[in-house]
Amino acid sequence: MNKESFRILKEINSLNLKEQSLEKVVAEELERIQKIEVMRQDRLEQLGIDQAKLEKLNSELISMENELERNHTILSKSEAELTNAFDPKQIEALEVQINMAKKNIEELEQQILNSMESIDILTEKISKTSSFLQGSLDTITEIQQEINQSNQEVFKELQIIKKRIETLFEQLPPQVREKMQLLLKSKISHTPLAEI
């Protein structure tokens, strides 16, 4: 290897180190976006779970309302039959049926109120999650624009460095070029090579 090859190696090493430091700056800024993306993904999963729960609660509410309506019908029918009943056994059976319907109605009304409260809480949670998702998407867009604007010079410099490294590689002897490419791919420091 001649003196010119060593000079090229030193320059490649210097450019490679500069490239790594510039990429690190950009990576640190992109890390902000990744953190928000992780939070978004968690919220998206939770949103899916909450929407499934809401759908189930709504279905249960409809069933309870149907059952409540059925019990009101039974109560009305039993009360109407009670006014026309003369047999003590029939009167007693109708009173039991009326009391059972009233008890069921009371329990169902309480269950419906609890279910409606749960639905309201879940609906509000879903709304907040949706707002977060939209806000975080806007934030990611803003950060991306900020990164692009503040790092335009860095991106240009990175392109120049990469082109210069490619040009320098072409000037190296084939054997050295292959070894250097292996070193760069494996990210093993090649500083000692350049200092020989």
**OP:** Measure the spacing between CG of Asn114 and CG of Leu57 and express it to the nearest 0.5 Å.
**Re:** 11.0 Å
Original post:
Any donor and acceptor pair, going by atom type alone, linking the side chain of Ser76 with main-chain N or O of Thr73 inside 3.5 Å?
Top reply: no
Original post:
Any side-chain heavy atom of Glu157 within less than 4.5 Å of one from Ile160?
Top reply: no
Original post:
Would a hydrophobic clustering, with Ile, Leu, Val, Met, Phe, Trp and Tyr connected at side-chain separations under 4.5 Å, put Ile91 with Leu94?
Top reply: yes
Subject >> Cluster overlap Ile147 with Leu137, hydrophobic side-chain contacts below 4.5 Å >> reply: no
Original post:
Between Thr167 and Arg164, does a side chain to side chain contact (heavy atoms under 4.5 Å, CB included) hold up when you go through it step by step?
Top reply: CA-CA 5 Å; Thr167 305; Arg164 179 67 182 146; 4.2 Å; yes
Subject >> Leu158 vs Glu19 side-chain heavy atoms within contact, under 4.5 Å >> reply: yes
Original post:
Run the side chain to side chain donor-acceptor pair (under 3.5 Å) check on Gln152 and Asn148 step by step: do they pass?
Top reply: CA-CA 6 Å; Gln152 279 182 337; Asn148 290 342; over 6 Å; no
Original post:
Looking just at side-chain N and O atoms, do Ser136 and Arg40 make a donor-acceptor pair shorter than 3.5 Å?
Top reply: yes
**OP:** Indicate, with yes or no, if Leu54 and Phe132 share a hydrophobic cluster defined by side-chain heavy-atom contacts under 4.5 Å among Ile, Leu, Val, Met, Phe, Trp and Tyr.
**Re:** yes
Original post:
Can you name the nearest heavy-atom pair linking Leu68 to Glu109, along with the distance?
Top reply: CD1-CG, 4.0 Å
Subject >> Any pair counted as salt bridge (Lys or Arg N to Asp or Glu O under 4.0 Å), so long as it reaches residues 65-94, sequence neighbours left out >> reply: Glu67-Arg70
Original post:
Does Ile62 belong to the same Ile/Leu/Val/Met/Phe/Trp/Tyr cluster as Met116, with side-chain heavy atoms less than 4.5 Å apart forming each link?
Top reply: no
Quiz: residues 95-107 side-chain donor-acceptor pairs under 3.5 angstrom, not counting sequence neighbours:
residue: Gln97; atom: OE1; partner: Ser78; partner atom: OG; Å: 3.3
residue: Asn99; atom: ND2; partner: Glu95; partner atom: O; Å: 3.3
residue: Asn104; atom: ND2; partner: Asn71; partner atom: OD1; Å: 3.3
residue: Asn104; atom: ND2; partner: Met100; partner atom: O; Å: 3.4

Original post:
Hey, does the side chain of Thr123 reach the backbone of Ile119 with a donor-acceptor pair shorter than 3.5 angstrom?
Top reply: yes
Original post:
How many angstroms lie between atom CD1 of Ile126 and atom NZ of Lys53, to the nearest 0.5 angstrom?
Top reply: 10.0 Å
Original post:
Heavy atoms, side chains only, cut-off 4.5 Å: are Ile36 and Ile143 in contact?
Top reply: yes
Original post:
Which pairs, with at least one residue in residues 122-142 and sequence neighbours excluded, count as a salt bridge (Lys or Arg N to Asp or Glu O under 4.0 Å)?
Top reply: Asp50-Lys125, Glu124-Lys128
Original post:
Can any side-chain N or O of Ser115 pair as donor or acceptor with the backbone N or O of Gln111 at less than 3.5 Å?
Top reply: no
**OP:** Working to the nearest 0.5 Å, report the span between CG of Leu133 and CG of Leu47.
**Re:** 6.0 Å
Original post:
Is the CD atom of Glu45 crowded by more than 12 outside heavy atoms at less than 6.0 Å?
Top reply: yes
Original post:
Do Glu146 and Arg32 sit within salt-bridge range, that is, some charged N less than 4.0 Å from a carboxylate O?
Top reply: yes
Subject >> Spacing of NZ belonging to Lys163 relative to CG belonging to Leu168, to within rounding of 0.5 Å >> reply: 14.5 Å
**OP:** List the steps, then state whether side chain to side chain contact (heavy atoms under 4.5 Å, CB included) holds for Glu29 with Lys24.
**Re:** CA-CA 9 Å; Glu29 292 189 23; Lys24 184 179 178 186; over 6 Å; no
Subject >> Residue pair Thr129, Gln46: steps toward the side chain to side chain contact (heavy atoms under 4.5 Å, CB included) verdict >> reply: CA-CA 8 Å; Thr129 301; Gln46 187 61 47; 5.6 Å; no
Subject >> Atom pair NZ/CD1 of Lys35 and Ile140 - distance to nearest 0.5 Å >> reply: 13.5 Å
Original post:
If you draw a 6.0 Å radius around CD in Glu117, do more than 12 non-hydrogen atoms from other residues or ligands fall strictly inside?
Top reply: no
**OP:** Before accepting this row, confirm whether a basic side-chain N of the pair Lys162/Glu23 lies closer than 4.0 Å to the acidic partner's carboxylate O.
**Re:** yes
**OP:** Drop me the distance from Ile33's CD1 to Glu31's CD, to the nearest 0.5 angstrom.
**Re:** 11.0 Å
**OP:** For the pair Gln41 and Val38, evaluate side chain to side chain contact (heavy atoms under 4.5 Å, CB included) and give the outcome as yes or no after the intermediate values.
**Re:** CA-CA 5 Å; Gln41 190 59 38; Val38 167; 5.7 Å; no
